[in-house]
Amino acid sequence: MSSTTNREQPIFSTRAHVFQIDPVTKKNWIPASKHAATVSYFYDATRNVYRIISVGGTKAIINSTITPNMTFTKTSQKFGQWADSRANTVYGLGFASEQNLSQFAEKFQEVREAARLAREKSQDKTELTNPALNIIAPQIVPSPIISANGPGDDKLFRSQSAEMELSTERERVKKMLSEGSVCEVQWEAEFFSLQDNNNKLVAALREANANVEKWKKQLAGYQEEAERLRQRVTELETHSTTSGTDPENELSQRLQELETLLKNKEEEILHLKGQRPDLTELESERDELLQKLQELEDRNQELEKELQKAEQNMKDTHLERDRIREEISRAGDELDIKICQLNELRLGLSQLLEGN
């Protein structure tokens, strides 16, 4: 441990909550520490490698060697992750602030670039020192072709041939190494692409569930409005019965249809939550439900207009009835006056007849 400490030196440190991906489900995060731990970048000058190390208690909860193919991804304002193919896991870090996350991500990019440069230098040294790539001139079988210009030109021809073979071998090794790196980058990019798509689908489903709850609240509000309208119609029917007018049967039937429609919509939403269809079907049903809700609002407005019209008709009826009563009362008064006049005439006639 002391030799490792002397050989590796920390170049950056921060504190974060450490997580690892569930090795079974590959979806859920498993906390690697109960509290925030120190996460540090280390540089090994002897091996010319960079590592991310975090120690929780007496064991290392992160021991990840950084390679040029690694990518640190910010999945939220305070959370980031990267995949380590050597450790066969995905590490996640939860920071206390967005600034700490940005600093860690910037340092990750710097260290990854340094690791890339270190790998290129190491490959160049390997190509120059690898015995498999160095072809020694004495091991080459001399060419049987005799040069017409003398032994000096023959040596030059053999030297050029050896250099050509050496260059061909180097190109072949470089091609093999580059193909391996490209495959690793493609796999890592595909993994993060799938993970990003999964996060988008989860967010879309959560938004759809939130919309369903919102629609339920709207339907509940419409139910309350329909109940209020039904009570008003009941009051109008009662008042009409006491005043001798017929109840509004058509209005009551429409209210019953409205209540039935609201109940059906509530059952459809419960059925929708139970089935949890895919996003495309959910969007189409949402559009259909919004259209029906708009139609329901239009019908509610028409119903309110009809209620206002019925109230106005009742007021007009009451006014007409009061007017008729006044006319009847006025006619009665006039009839009483005429009866009195007739009695006076009868009395005058009877007196005239008695005088004669």
Side-chain angles (χ1 to χ4, degrees), residues 1-119 122 181 184-185 187-200 202-203 206:
M1 184 68 181
S2 60
S3 61
T4 303
T5 305
N6 295 331
R7 188 175 61 187
E8 292 184 326
Q9 297 296 330
I11 57 177
F12 179 82
S13 296
T14 185
R15 292 187 65 82
H17 291 273
V18 181
F19 300 87
Q20 288 188 12
I21 202 70
D22 190 345
V24 178
T25 63
K26 298 295 184 180
K27 295 181 180 179
N28 302 323
W29 289 106
I30 300 177
S33 60
K34 296 181 179 180
H35 307 286
T38 300
V39 182
S40 303
Y41 288 93
F42 280 85
Y43 173 63
D44 187 346
T46 304
R47 297 189 301 163
N48 199 17
V49 295
Y50 295 85
R51 292 198 299 166
I52 299 176
I53 298 176
S54 179
V55 178
T58 58
K59 66 177 183 178
I61 55 180
I62 298 180
N63 187 3
S64 177
T65 301
I66 300 177
T67 63
N69 300 325
M70 287 184 176
T71 302
F72 184 81
T73 306
K74 297 180 182 179
T75 57
S76 67
Q77 293 183 350
K78 298 181 182 180
F79 193 87
Q81 64 185 42
W82 78 95
D84 190 341
S85 58
R86 295 182 179 179
N88 193 23
T89 187
V90 179
Y91 293 103
L93 296 179
F95 296 89
S97 65
E98 186 176 359
Q99 181 180 3
N100 293 341
L101 173 59
S102 300
Q103 292 176 352
F104 188 89
E106 292 174 359
K107 182 59 65 175
F108 193 96
Q109 298 294 335
E110 295 177 4
V111 172
R112 187 182 67 174
E113 182 66 19
R116 184 184 65 81
L117 296 175
R119 172 178 285 187
S122 177
S181 299
E184 187 175 354
V185 170
W187 294 339
E188 189 172 0
E190 184 177 358
F191 169 76
F192 285 112
S193 177
L194 291 174
Q195 191 173 24
D196 185 56
N197 291 335
N198 181 61
N199 292 334
K200 289 180 180 179
V202 171
R206 289 178 179 173

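Residue numbers run from 1 in the order of the sequence given. Please read these numbers as outputs of a predicted model, since none were measured by experiment. What's counted below: heavy atoms across the whole structure, side chains too, no hydrogens, waters or symmetry copies.
In this view, A32 and V18, I61 satisfy the side chain to side chain contact (heavy atoms under 4.5 Å, CB included) rule, not counting sequence neighbours. Listed by chain and residue number, D22, P23 satisfy the side chain to side chain contact (heavy atoms under 4.5 Å, CB included) test with I30 (two or more places apart in sequence, or in another chain).
Under the 3.5 Å distance criterion, the side-chain polar atoms of R116 are left unmatched by any main-chain donor or acceptor of P68. With R112 contributing its side chain and M70 its backbone, the two residues share a donor-acceptor pair below 3.5 Å. With hydrogens and angles disregarded, a donor-acceptor distance shorter than 3.5 Å links the side chain of S54 to the backbone of T38.
In this structure the side chain of Q99 reaches within 4.5 angstrom of the side chain of Q103, judged on heavy atoms.
Here the closest heavy-atom approach between residue K26 and residue N88 is recorded as NZ-O, 4.3 Å. Closest heavy-atom contact between W82 and I52: CZ2-CD1, 3.8 Å.
Of the N and O atoms on the side chains of N100 and T14, not one donor lies less than 3.5 Å from an acceptor on the other residue.
Taking the six-membered ring where tryptophan is involved, the planes of Y41 and F108 are perpendicular, since the angle between them exceeds 60° and thus also 30°.
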Exercise for the section: Under the side chain to side chain contact (heavy atoms under 4.5 Å, CB included) rule, what do F79 and K74 come out as? Steps first, then yes or no, please. Expected result: CA-CA 6 Å; F79 193 87; K74 297 180 182 179; over 6 Å; no

Exercise for the section: Mind running side chain to side chain contact (heavy atoms under 4.5 Å, CB included) on F42 and D44 for me, showing each step along the way? Expected result: CA-CA 7 Å; F42 280 85; D44 187 346; over 6 Å; no

